[in-house]
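Please read the structure below before turning to the comments.
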Amino acid sequence: MDKEALSKSYSPHVVEEKWYKYWLEGGFFEAEDKSEKKPFSIVIPPPNVTGMLHMGHALNNTLQDIIIRYKRMQGYNSLWMPGTDHAGIATQNVVEQALAKEGISRHDIGREKFIEDVWKWREKYGGIILNQLQKLGCSCDWKRERFTMDEGLSRAVREIFVKLYNDGLIYQGDYIVNWCPRCHTAISDLEVEYEEEKGGLWYIQYPYAEGEGGIVVATTRPETMLGDTAVAVNPNDERYEDVIGKKVILPLMNKEIEIIADDYVSKEFGTGAVKITPASDPNDFAIAERHGLEIIVVIDGNGVINENGGVYRGQDRDTCRENVVEDLKKGGYLIREEPYLHNVGRCYRCKTIVEPAVSKQWFVKVKPLAKEASAAVVKGDTRIIPPIWEGTYFEWMENIRDWCISRQIWWGHRIPVWYCDECGKIIAAVEEPQVCPDCGGGSLKQDEDVLDTWFSSALWPFSTLGWPEKTEALETFYPTSLLVTGFDIIFFWVARMMMMGLYIMKKVPFNDVYLHALVRDEEGDKMSKSKGNSIDPLKMIDRYGADAFRFTLAAFTAQGRDVKMSEARIEGYQHFVNKIWNTARFAFMNLDDYTEKGEKVKDSEYSLADRWIKDALNRTIREVSSSLDEYRFNDASGVIYQFVWHELCDWYLEMIKPVLYGNNSPERRLAAQETLYDVFEKTIKLLHPFIPFVTEEIWQKMKVAEGTSVMVSEFPAESETYEDGDAFHRVSVLKDIIGNIRNIRGVMNIPPPKKLRVLLSVPDRELRSILDDGREYILNLANLQELSVEGTVEEPRGVATGIVGSIKIYVFLEGMVDIVAERARLEKEMKKLSKDLVNVSKKLNNRDFMEKASEVVIRKEEAKFEELKEKNRNLEEALKKLQEIEE
RNA sequence: GGGCGGGUAGCUCAGUUGGGAGAGCGCCACGUUUACACCGUGGAUGUCACAGGUUCAAGUCCUGUUCCGCCUACCA
């Protein structure tokens, strides 16, 4: 035991840094590629290299760390694989912005130089978030850190692209995709966020080419009419029966387009006639394909009208809309304009309105992959926890659409496809080909596009372990045991890892997926920079310590519910950490002269308190373990909080103080010391996964072993030798009695320092012996000067009465009886009791209940009834006595 | 439009197979007793959203209503 005195309160700063360094240097985070021990592995959801630690990361990584520390202590060969994601668009944006400050655009310096700059940027700032994870205490195996753009992982990307291509699961083509005019790239369907926004609905008349009148269409995007190539109506719409096949004049453009019929058009909406702009709307594009319509692109990659837009050329889409509306008005084509609420899709990264646009892109045919991924969850190869998310997963897998994987940016994995200048051959290859395999031509150009970042993330569980090499790590740790991530990336990431894992490895990427909720502010709003309601985890760690912060996150992580975070809650758990610290102080002060290797304590020397706390600890161990096994983080933290504060501190320490302080029984003192040491050390171990720093600090001071760490010590296992139902029963009786006396003291306003005299009337022999044996505890914890335990006795005069079952407690008040207060107290208790009594007797008098309820329940009710009746009798008696005094 | 989750103490939330409504924080009173005032002891607090139903028994199961949140969807 360390003799140096501990300060009165725990200060995290020095401690955290010290132990993290110790763990790193000691190699305690490192897993073994090959081991006798059973493997357990988690791959980190790789944060963006541009990322800064936010609450979502904090929650996600705290949960992973809790599990990995728990498993490591349980003796698993535990790997937590760390790394980062190259985050194509986001990272490119950041570096472009930095260049912009110097007035340079990426086009000024060219692709090669630009990518060089990104790598330099990454060298400089890319590690920030990983350092921040270390502040949180994350026990990742840092020596294995991976980056999605590493050579090995890039190789994996190319291999898989080529395999998919050769298997016919990747194709290229001109299709309408979501285009972000600001990021200047295509994005996948998932990367578009739809939000209802106020807009307008414009009714425009397209005059018939021949004859009078025209057809009126309704649109939310009048500017796209420049690219209209048809007007569509429903084939069953009588209103338009006659006009199908007729030509109309496209206003402003003065060209003829045809009225066609298609089932897609709804008769009910608007006028029942739709303008068709194949290049700017996915539905229109589909119609165009069905009807062989011309596709005219009028909006370019920057969201600006191109040469096909006539006089509107060069105007951005918003300006163009204003002008088009104005001109339609002038020309008498605009029939009506009304405000309209509709869904607007925005780029999830930059919030720019997405422009559906036709362009040549690469796609993955995901249907066959999705089928396998779905089946694996049905079979139970992968468990989704909580299971509520299974439905979401299945539904998406069933309705999945092809995945657009090409991006028109520079930062990322360049698509491993080359085009032969001479014969036009398309070559997909892992390594750059020198000559065209068809014509032998040497002039090959690589595709300019890069892959969606999620393409490489989808490979993460095996690419980080060395695939395509057959590494030992891959052999040992794949499939990984657990994935912990937010439900918001089920589709982006979880689903795609499932598909790729099964496709490449023929095995699921992880056995369990634990999906946690989002961290919100105390109002329940999503935290965001723009709202300014985000809490900075690093500030919280700085203010309250990483441990308090982590414990708070764990305590609020109930399955399937969002975590509402507020600083006050973290502060609350800081108190808990401090409580543990002070428990340690207490222990150290009283274990000065104790060494674990001292003489063996005889079983008979263990006090009731010793036996009881071991039983309580045993229950706690069981519950913490089973909760963690089921990822019930709030239950696990709640159970342990309850144990530390309300069993260990409130009761056990108080019970053993007289033994520790007094000198009259060295044997019992030693027994208490041994128990305290043992129980406290196990408690520290139980707590370690949640609050690693303070537990290490304390554990090291306990000098359990040199040169090692609590993080690789053995996690406590429940043990039959600690089970003690008798001690549990005895202490609950004592607690009831002590609680009742304290209640009398409190309610009757007796000053705490005043020592009381108490007489217990205990008709039951067994209880009498329990109370007799436990008299020292009652004397100390209820602060009594005298305690008599008798059989049935007559109620003395001048007492306050407490009833616990059949036991009557008489507290001598020696003339201080406040009759009014005592009567009020007793009557209140009567009232509460009679309510219960009525309920129970109702049940027992109900024939149906007696016939239909289970035996156990009936017996329980009967016992309850007896107990209540007795208590009621006793209360009545006490009230009668009070009456006598009054008279 | 479809789907999912939620409504329990002042606040944040637990409540696993139906069988005596809970915790933390906050609040009130008393108290510095040699680990801790980041503490101790005691106390107060509920139409378990609403309406039906099943059942001997419903916070828990079923139906409907309502409010909030989220996901998803090609109706211009």
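Side-chain atoms are counted along with the backbone in the values below, which use heavy atoms only and exclude waters and symmetry mates. Treat the numbers as computed from the prediction; the structure is a model and nothing was measured. The chains referred to below are lettered A, B, ... by the order of the sequence lines, with proteins before strands, and numbering in each begins at 1.
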Report task. Using a heavy-atom cut-off of under 4.0 Å over every strand shown, decide if A/Arg859 touches base, sugar-phosphate, or nothing. Result -> nothing
Query raised in the report: Does a sphere of radius 6.0 Å around CD in A/Glu196 hold more than 12 heavy atoms from other residues, nucleotides or ligands, not counting ones at 6.0 Å or beyond?
Result: yes
Query raised in the report: What does B/G5 pair with, Watson-Crick or G-U, if both distances are under 3.5 Å?
Result: B/C68
**Report entry** Sugar-phosphate only, base, or nothing, as touched by A/Ile276 at under 4.0 Å among non-hydrogen atoms
**Finding:** nothing
Query raised in the report: What integer distance in Å separates A/Arg569:CZ from B/A23:C1'?
Result: 14 Å
Query - For B/A58, the Watson-Crick or wobble counterpart (both distances under 3.5 Å) - result: none
Report summary line: Mate of B/U32 across any strand shown (Watson-Crick or G-U wobble, both atom pairs under 3.5 Å) is none
Query - Among B/A44, B/C70, B/G19, the nucleotide that comes nearest once only the side chain of A/Phe849 is considered - result: B/G19
Query raised in the report: Quick one: which of B/A29, B/C36, B/A76 gets closest to the side chain of A/Asn578?
Result: B/C36
Report summary line: When both distances are under 3.5 Å in a Watson-Crick or G-U wobble arrangement, the nucleotide paired with B/G46 is none
Report summary line: Ranking B/A37, B/A35, B/U72 by distance to the side chain of A/Lys657, first place goes to B/A35
Report task. Answer yes or no: does a side-chain N or O of A/His575 lie under 4.0 Å from OP1 or OP2 of B/C39? Result -> yes
Report summary line: Closest to the side chain of A/Ile388, out of B/G5, B/G24, B/G40, is B/G5
Query raised in the report: What's the closest nucleotide to the A/Trp645 side chain, out of B/G20, B/C39, B/G24?
Result: B/C39
Query raised in the report: Could you give the CZ-to-C1' distance, from A/Phe491 to B/C71, as a whole number of Å?
Result: 7 Å
Query raised in the report: Going by the angle between their ring planes, with limits at 30° and 60°, are A/Phe492 and A/Tyr348 parallel, tilted or perpendicular?
Result: parallel
**Report entry** Ion pair check, A/Glu867 and A/Lys871, cut-off under 4.0 Å
**Finding:** no
Requested in this report: Would you sort out whether A/Arg619 and A/Glu623 count as a salt bridge (Lys or Arg N to Asp or Glu O under 4.0 Å), showing the intermediate values?
Outcome: CA-CA 6 Å; A/Arg619 268 180 287 120; A/Glu623 284 167 30; 5.8 Å; no
Query raised in the report: Does A/Asp281 or A/Lys8 map to a spot on RNA chain B nearer the 5' end, using the closest nucleotide for each?
Result: A/Lys8
Query raised in the report: Choosing from B/C56, B/U12, B/G20, which nucleotide comes nearest the side chain of A/Asp848?
Result: B/C56
Query - Nucleotide B/U54, atom C1' - distance to NZ of A/Lys852 in whole Å - result: 12 Å
Report summary line: Whole-Å distance, A/Glu395 CD to B/G2 P, equals 13 Å
Report task. Send over the distance from A/Asn743 CG to B/G43 C1', rounded to a whole Å. Result -> 9 Å
**Report entry** Out of B/G20, B/C36, B/U41, whichever nucleotide has its closest atom nearest the side chain of A/Arg742
**Finding:** B/U41
Query raised in the report: So what does A/Phe285 hit on the nucleic acid, given a heavy-atom distance under 4.0 Å: a base, only sugar-phosphate, or nothing?
Result: nothing
Query raised in the report: Which part of the nucleic acid, if any, lies within reach of A/Gly272 when heavy atoms closer than 4.0 Å are counted: base, sugar-phosphate only, or nothing?
Result: base
Report task. Looking only at side-chain atoms of A/Ser266, point me to the closest of B/C56, B/C75, B/A35. Result -> B/C75
Query raised in the report: Looking across every strand, which nucleic acid part, if any, lies under 4.0 Å from A/Val856 by heavy atom: base, sugar-phosphate, or nothing?
Result: nothing
Report summary line: In whole angstroms, the gap separating C1' of B/A73 from CG of A/Asn178 amounts to 14 Å
Requested in this report: Send over the distance from A/Tyr573 OH to B/A23 P, rounded to a whole Å.
Outcome: 13 Å
**Report entry** Nucleotide nearest A/Glu654 when distance is taken to its side chain, options B/G19, B/A35, B/A73
**Finding:** B/A35
Requested in this report: Could you tell me which nucleotide pairs with B/G26 by Watson-Crick or G-U wobble geometry, both distances under 3.5 Å, or answer none if nothing does?
Outcome: none
Query raised in the report: Do the side-chain N and O atoms of A/Glu338 and A/Tyr203 include a donor-acceptor pair separated by under 3.5 angstrom?
Result: yes
Report task. Answer with base, sugar-phosphate or nothing: what part of the nucleic acid does A/Lys832 contact at a heavy-atom distance below 4.0 Å? Result -> nothing
Requested in this report: Specify whether A/Tyr677 and A/Tyr594 have parallel, tilted or perpendicular ring planes, treating 30° as the upper limit for parallel and 60° as the lower limit for perpendicular.
Outcome: tilted
Query - Sugar-phosphate, base or nothing in reach of A/Thr583, heavy atoms under 4.0 Å - result: base
Report summary line: Any strand, both distances under 3.5 Å, Watson-Crick or G-U wobble: B/C38 pairs with none
Query raised in the report: Would you call the rings of A/Tyr573 and A/Phe556 parallel, tilted or perpendicular if under 30° counts as parallel and over 60° as perpendicular?
Result: perpendicular
Query raised in the report: Among A/Trp396, A/Tyr393, A/Phe394, which one satisfies ring-ring contact (aromatic ring centres under 6.0 Å, His included) with A/Phe491?
Result: A/Trp396
**Report entry** Among B/G31, B/A76, B/U41, the one nearest A/Pro752 by side-chain distance
**Finding:** B/G31
Query - Protein-nucleotide distance (A/Trp651, atom CH2; B/U41, atom P), rounded to Å - result: 8 Å
Query raised in the report: At under 4.0 Å, does any side-chain N or O of A/Tyr641 touch on OP1 or OP2 of B/A14?
Result: no
Requested in this report: May I ask you to say what A/Tyr10 touches in the nucleic acid, namely base, sugar-phosphate or nothing, with a heavy-atom cut-off under 4.0 Å?
Outcome: nothing
Query raised in the report: Does the base of B/C36 carry an N or O that pairs as donor and acceptor with the side chain of A/Lys579 under 3.5 Å?
Result: yes
Requested in this report: Looking at every strand, decide which applies to A/Asn343 at a 4.0 Å heavy-atom threshold: base, sugar-phosphate, or nothing.
Outcome: base
